[in-house]
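In what follows, residues are counted from 1 in the order of the sequence shown.
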Amino acid sequence: MSEAAVEEVSVLSSIYCGEGEFHLLQQSAQDGIVVQINSTVGGERGLDVSLLFHLHPRYPSRPPDISVSSTALSRTRCRDIRQKLLDQAAALPPEPMVHRLVEWLQMTEECREGEEEEEEEVKEREKEEEWTAVLSLDHIRSRNRYIGLLERWTQQLQLTGILLLGRSILVILQGARPNIKEFCCLLKTVKVDVDSSGKKCKERMMKVLIETLSSSSCGHGLQGFVVKSYQSLPELTAAFQEINMAELYQQILPSLSD
C-alpha cells in the first residue's frame, strides 16, 4: 500500500467531511483501501450517487476499481457511469485521482442526461402499455354536444370507453396513458357543456377516480365508445361486471359513496 494512497485517503476525508459523505471501509497492506463517497451529481437537478473506490496495493500505478450505485438511476445507467469513470481513470496520469474523478462526475451532465433518457424510455413504454382510467364527471346538461365530444376525443386519441349515466356520471377509458392524460386535459380546457344559466362551460369538476396499468384482473378489449344508463347501484355494479372490471369497481366504490 503506497504512501500516496494513505495520504490521499486522509485528504479525501477532509474534503468530503459532510455527514455520511465519506466512509473508509477497508485498509490493509494486502488488499489495499476501499473508500465510499456519497455525492450529489448532475448539476442543478442533483442526484444522490454512491461511489465505491478500491485502491489496489499498487495504486496509483494501477487505476482504482470503481462501483456506482444510486436509487435515482437504473442499474444500466449506473453501469454506464461506472464505465465512463473507469475510462477517465485510465486516461489520467498514475497519480492520486479519486478527487478528480468525483469532481468530473459532479460537473458532467452524464447523470442528468441519463435521467432524461430514462424519462423518455418511460414515456415510450407508456405509449405501448394499455392503461385503464375511471373519471367522474360533475354534470351533463347539453347531452348531445357533450357526448359527441367525448366520442370524438376517444376516436382521435385512439381510446376505447364507456360512459355510464346515472347518479354518478362515470367515464371508463382504456388506451395509452399519455392519450388518457390528453383526454383529461381536453375535458378541463374545452367548453364541453353549459352551466345552470345556460352558459357554455368547461368540466372543471372532473375527477380521476383511478388510473392503473391494465392487467388480467382488469377488463380488456372495450370496443369504440358506448353510452349506458343505470338506475341503481346494483345496475352500476352489473355494468362493471359485464366488462370484467368488478375488482376495479370495488376500488372506486368508496369514492362514489362520498
Side-chain angles (χ1 to χ4, degrees), residues 119-258:
E119 289 175 355
E120 287 302 317
E121 289 175 4
V122 169
K123 289 178 182 178
E124 288 301 317
R125 190 164 60 248
E126 285 182 347
K127 289 179 183 178
E128 297 174 359
E129 294 171 337
E130 183 176 85
W131 284 68
T132 299
V134 182
L135 318 180
S136 171
L137 306 183
D138 185 56
H139 56 73
I140 293 183
R141 294 190 177 93
S142 181
R143 179 169 174 146
N144 289 340
R145 170 180 167 76
Y146 205 143
I147 295 176
L149 283 173
L150 297 181
E151 185 171 9
R152 186 193 312 167
W153 292 342
T154 56
Q155 292 173 351
Q156 292 173 345
L157 296 170
Q158 297 180 316
L159 300 171
T160 55
I162 297 178
L163 173 64
L164 297 172
L165 298 172
R167 180 178 177 182
S168 296
I169 305 172
L170 304 177
V171 181
I172 305 171
L173 296 173
Q174 282 192 328
R177 192 180 191 189
N179 294 354
I180 291 175
K181 289 184 178 297
E182 178 64 21
F183 187 99
C184 295
C185 181
L186 286 169
L187 271 175
K188 291 195 173 185
T189 55
V190 176
K191 292 181 178 179
V192 293
D193 203 7
V194 294
D195 59 21
S196 56
S197 63
K199 185 179 178 181
K200 290 183 179 180
C201 64
K202 302 170 186 176
E203 182 55 88
R204 297 186 184 277
M205 301 297 288
M206 183 274 293
K207 295 180 182 178
V208 179
L209 301 183
I210 193 168
E211 186 181 28
T212 182
L213 186 63
S214 299
S215 63
S216 58
S217 60
C218 185
H220 292 276
L222 299 182
Q223 300 296 318
F225 186 79
V226 179
V227 181
K228 284 189 175 184
S229 297
Y230 68 94
Q231 302 298 323
S232 63
L233 197 59
E235 287 185 17
L236 179 60
T237 304
F240 274 86
Q241 290 173 339
E242 286 174 10
I243 54 176
N244 194 30
M245 292 190 184
E247 184 178 333
L248 198 69
Y249 175 68
Q250 292 301 319
Q251 294 180 54
I252 68 168
L253 191 54
S255 301
L256 300 180
S257 303
D258 292 344

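- A 4.5 Å side-chain heavy-atom check between Thr132 and Leu173 finds every atom pair outside the cut-off.
- Among residues two or more places apart in sequence or in another chain, the side-chain contact (heavy atoms from CB on, under 4.5 Å) test is passed with Gln156 by Arg152, Trp153.
- By the 4.0 Å N-to-carboxylate-O rule, Arg177 lies close enough to Glu211 to be salt-bridged with it.
- Pairs of residues two or more places apart, or lying in two chains, never qualify as salt bridge (Lys or Arg N to Asp or Glu O under 4.0 Å) while including a residue from residues 154-171.
- A heavy-atom distance below 4.5 Å is not found between the side chains of Thr160 and Thr154.
- Taking the side chain as every heavy atom from C-beta outward, Leu170 and Leu163 never approach each other to under 4.5 Å.
- Using a 4.5 Å cut-off on side-chain heavy atoms (C-beta onward), Leu248 and Thr212 make contact.
- Side-chain N or O atoms of Asn179 include one that pairs as donor or acceptor with a backbone N or O of Leu157 at under 3.5 Å.
- Sorted by first and then second residue, the side-chain hydrogen bond (donor to acceptor under 3.5 Å, both in side chains) pairs with a member in residues 189-206 read His139-Asp193, Tyr146-Glu203, Asp195-Ser197; sequence neighbours excluded.
- Applying the side-chain hydrogen bond (donor to acceptor under 3.5 Å, both in side chains) definition to pairs two or more places apart or across chains, those involving residues 226-236 are Lys228-Glu242.
- Dense packing is recorded around CZ of Arg141, with more than 12 heavy atoms of other residues, nucleotides or ligands lying under 6.0 Å away.
- Considering only residues two or more places apart in sequence or on other chains, Glu151 meets the side-chain contact (heavy atoms from CB on, under 4.5 Å) condition with Gln155, Phe225.
- Listed by first and then second residue, the ring-ring contact (aromatic ring centres under 6.0 Å, His included) pairs involving residues 193-213 amount to none (not counting sequence neighbours).
- Among residues two or more places apart in sequence or in another chain, the ring-ring contact (aromatic ring centres under 6.0 Å, His included) test is passed with Tyr249 by Phe240.
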